[in-house]
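See structure below.
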There are 2 protein chains.
Amino acid sequence: MDLFVSKYFNKIDKKGRISLPSSFRNILPKANRNEIILYKSIKSPSIEGCGVGRLKEIAKRINNLDFFSEDYDDFSTSIFSEIVTTNIDKEGRFLIPEELKLYAGIKTEAAFFGQGHFFQIWEPKQGLKNTEDSRRRLLKEKKSLRMMLTQQK
Amino acid sequence: MDLFVSKYFNKIDKKGRISLPSSFRNILPKANRNEIILYKSIKSPSIEGCGVGRLKEIAKRINNLDFFSEDYDDFSTSIFSEIVTTNIDKEGRFLIPEELKLYAGIKTEAAFFGQGHFFQIWEPKQGLKNTEDSRRRLLKEKKSLRMMLTQQK
DNA sequence: TGGGATTATATGGGCGTCAATGGGTATATT
DNA sequence: AATATACCCATTGACGCCCATATAATCCCA
């Protein structure tokens with residue numbers, strides 16, 4: 001499996017370290033398995049993260065926006081300038097920068113939510129509430145969610 | 001046969017392991033035969049499962065949505081973070097996460113129901129009741145059932 | 001074709017390995 | 001020196017791997 005899936009709740013120790021879930025670590029390419037990038041989510045008070053390889057993909061997404069639009073500048077600035085890289089130690093732990101922890105309201109515990117090609121880090125309670133809200137919004141349009149999950153080979 | 005069919009009733013042992021029915025295992029591609037994905041059914045208190053190939057299909061669909069839309073996040077969150085992958089051991093057994101067991105009311109035994117491209121895991125009694133109910137609903141519209149069964153390719 | 005023999009499946013349990021977490025210490029940055 | 005960060009080692013509990021058994025299914029040959 002090469003996608004970030006499922007959710008995990010890990011603790012931040014006295015030194016500020018937190019384990020990246022093992023299943024997430026395994027997705028990172030063996031080459032850059034000791035480094036990830038983090039940035040503030042645009043749409044929610046959460047941190048998004050992924051392997052460094054994904055940067056190109058993000059760049060492509062932004063490039064697809066109209067270059068002369070305000071959105072282009074906004075996304076470009078909000079994402080690229082906010083990206084930080086962090087190293088993963090031998091035990092699979094890393095440090096969440098203080099600014100990002102503040103942005104997400106994270107203190108002693110954090111929740112990791114798989115999002116396919118990337119993942120989100122939330123303050124646990126807020127994260128759970130967010131998934132409930134998302135699901136509730138989607139269930140209002142059962143059809144679309146069913147379509148996503150139903151196989152049409 | 002490459003479809004999940006029939007029903008099976010297996011036990012959960014002290015370690016929480018349960019056998020995936022052999023006929024289900026054989027449907028999984030030899031490549032990823034030791035991994036399946038599980039998620040809460042949208043429509044019923046049951047767990048749905050399938051091979052990882054199907055997940056990649058879903059991922060592709062989500063990726064085609066507008067990355068900066070709210071829908072993207074809703075789908076991504078509701079699907080990827082709710083999906084769990086579990087490994088199948090050499091004997092064909094796997095672990096059902098506690099949260100999913102709770103959702104389906106499963107304790108010491110579980111029923112597997114083939115659903116074609118995926119399968120459902122139910123608390124045995126509820127599962128049986130559900131199939132009776134489904135059948136009863138179908139029979140109320142005999143005409144449409146007959147059409148389904150007699151329709152020529 | 002009958003019936004023993006082989007194989008497969010569901011299930012039980014021992015045990016080693018790995019993941020998450022804690023903490024000491026060295027190295028470094030300023 | 002003081003703070004921060006990486007490496008090393010330790011602990012605990014969960015999980016995977018291996019081996020074992022009972023029952024069911026299949027085979028195979030006389």
Side-chain angles (χ1 to χ4, degrees), chain A residues 1 4-28 30 32-38 49 52 84-102 106-114 119 121-124 127, chain B residues 1 4-28 30 32-38 49 52 84-102 106-114 119 121-124 127:
Chain A
M1 173 55 54
F4 297 102
V5 298
S6 188
K7 46 176 182 277
Y8 303 88
F9 299 84
N10 291 345
K11 296 183 201 320
I12 295 178
D13 68 20
K14 295 172 193 166
K15 296 180 175 183
R17 299 172 300 190
I18 186 168
S19 291
L20 183 67
S22 141
S23 84
F24 285 14
R25 285 183 330 242
N26 293 331
I27 295 171
L28 305 175
K30 341 82 226 100
N32 300 73
R33 188 155 284 185
N34 52 357
E35 194 177 20
I36 56 172
I37 67 174
L38 301 175
V52 293
V84 298
T85 69
T86 65
N87 292 84
I88 298 178
D89 72 16
K90 295 289 170 72
E91 282 72 38
R93 295 172 290 193
F94 66 100
L95 299 171
I96 306 178
E98 210 52 45
E99 188 188 347
L100 293 184
K101 279 199 280 192
L102 274 176
I106 292 170
K107 287 178 297 186
T108 64
E109 200 173 353
F112 293 83
F113 291 89
F119 57 86
I121 310 176
W122 285 77
E123 186 285 317
Chain B
M1 171 58 60
F4 297 104
V5 297
S6 186
K7 48 177 181 281
Y8 303 88
F9 299 84
N10 291 345
K11 296 183 201 319
I12 295 177
D13 70 18
K14 295 173 194 166
K15 294 181 174 185
R17 300 172 299 190
I18 186 168
S19 290
L20 183 67
S22 143
S23 85
F24 285 14
R25 283 181 336 239
N26 293 331
I27 294 171
L28 305 175
K30 344 81 226 96
N32 301 73
R33 186 156 286 185
N34 53 356
E35 195 175 23
I36 55 173
I37 67 172
L38 301 174
V52 296
V84 300
T85 67
T86 73
N87 292 83
I88 299 179
D89 71 18
K90 295 288 169 73
E91 283 73 39
R93 294 171 291 193
F94 65 99
L95 298 172
I96 306 178
E98 210 52 45
E99 188 187 346
L100 294 184
K101 280 199 281 192
L102 274 176
I106 293 170
K107 286 178 298 187
T108 64
E109 199 173 353
F112 294 83
F113 292 89
F119 57 86
I121 309 176
W122 285 78
E123 187 285 318

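Residue numbers start from 1 in every chain, and the chains themselves are labelled A, B, ... in the order their sequence lines are given, proteins ahead of strands.
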Tell me the interatomic distance from [X], atom [atom1], to [N], atom [atom2], rounded to whole angstroms.
X: B/Glu98; N: D/dC15; atom1: CD; atom2: C1'; value: 15 Å
X: A/Lys11; N: D/dT12; atom1: NZ; atom2: C1'; value: 14 Å
X: A/Glu35; N: D/dA6; atom1: CD; atom2: P; value: 11 Å

Test side-chain contact (heavy atoms from CB on, under 4.5 Å) applied to B/Lys7 - qualifying residues, sequence neighbours left out: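 Per chain and number, B/Lys7 pairs via side-chain contact (heavy atoms from CB on, under 4.5 Å) with B/Phe9, B/Phe113, B/Leu128.
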
By side-chain contact (heavy atoms from CB on, under 4.5 Å) - contacts of A/Leu95 (at least two apart):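 side-chain contact (heavy atoms from CB on, under 4.5 Å) check on A/Leu95 returns A/Arg17.
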
Would you say that [X] contacts [Y] through its side chain, given a criterion of any heavy-atom pair below 4.5 Å between the two side chains?
X: B/Ile27; Y: B/Phe119; answer: no
X: A/Leu100; Y: A/Val84; answer: yes
X: B/Leu38; Y: B/Pro97; answer: yes

Distance test, side-chain N/O of B/Lys90 to OP1/OP2 of D/dG16, below 4.0 Å: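 No, because none of the side-chain N or O atoms of B/Lys90 sits under 4.0 Å from OP1 or OP2 of D/dG16.
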
Under 3.5 Å, which N/O atoms of the protein pair with N/O atoms of nucleotides 19-27 of chain D?
{"residue": "D/dC19", "atom": "N4", "partner": "B/Glu91", "partner atom": "OE2", "Å": "3.2"}

Donor-acceptor pair, side chain of A/Asn10 and main chain of A/Ser19, under 3.5 angstrom: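 Checking the backbone N and O of A/Ser19 against the side chain of A/Asn10, a donor-acceptor pair under 3.5 Å is found.
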
Nucleotides bounding contact with chain B, strand DNA chain C, heavy-atom threshold 4.0 Å: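 Boundary nucleotides touching chain B, in 5' to 3' order, are C/dT9 to C/dC15.
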
Rounded (10°) bend between the five-pair end axes of the helix from C/dT1-D/dA30 to C/dT30-D/dA1: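 Both end axes considered, the difference amounts to 50°.
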
Worked check of side-chain contact (heavy atoms from CB on, under 4.5 Å) between B/Ile37 and A/Val5: CA-CA 10 Å; B/Ile37 67 172; A/Val5 298; over 6 Å; no

Considering all heavy atoms, the nearest A/Arg33-A/Arg25 contact: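 Minimum heavy-atom contact is NE-O, 3.3 Å.
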
Distance-minimising heavy-atom pair for A/Pro124 and A/Ala111: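 Scanning both residues completely, I find the closest heavy atoms to be CA-CB, 3.9 Å.
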
Strand-adjacent residues in residues 14-21 of chain B, judged by heavy atoms under 4.0 Å from DNA chain D: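 Residues of residues 14-21 of chain B under 4.0 Å from DNA chain D: B/Lys15, B/Arg17.
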
Rounded distance (nearest 0.5 Å) linking atom NZ of A/Lys101 with atom CD1 of A/Ile12: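 Rounded to the nearest 0.5 Å, the NZ-CD1 separation comes to 4.5 Å.
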
Distance in Å, A/Ile88 CD1 paired with A/Asn32 CG, rounded so as to fall on 0.5 Å steps: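 CG of A/Asn32 is found 10.0 Å from CD1 of A/Ile88.
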
Aromatic centroids of B/Phe4 and B/Phe24 separated by under 6.0 Å: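 Yes; B/Phe4 has its ring centre under 6.0 Å from that of B/Phe24.
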
Chi angles and distances behind the side-chain contact (heavy atoms from CB on, under 4.5 Å) call for B/Ile18, B/Glu109: CA-CA 8 Å; B/Ile18 186 168; B/Glu109 199 173 353; over 6 Å; no

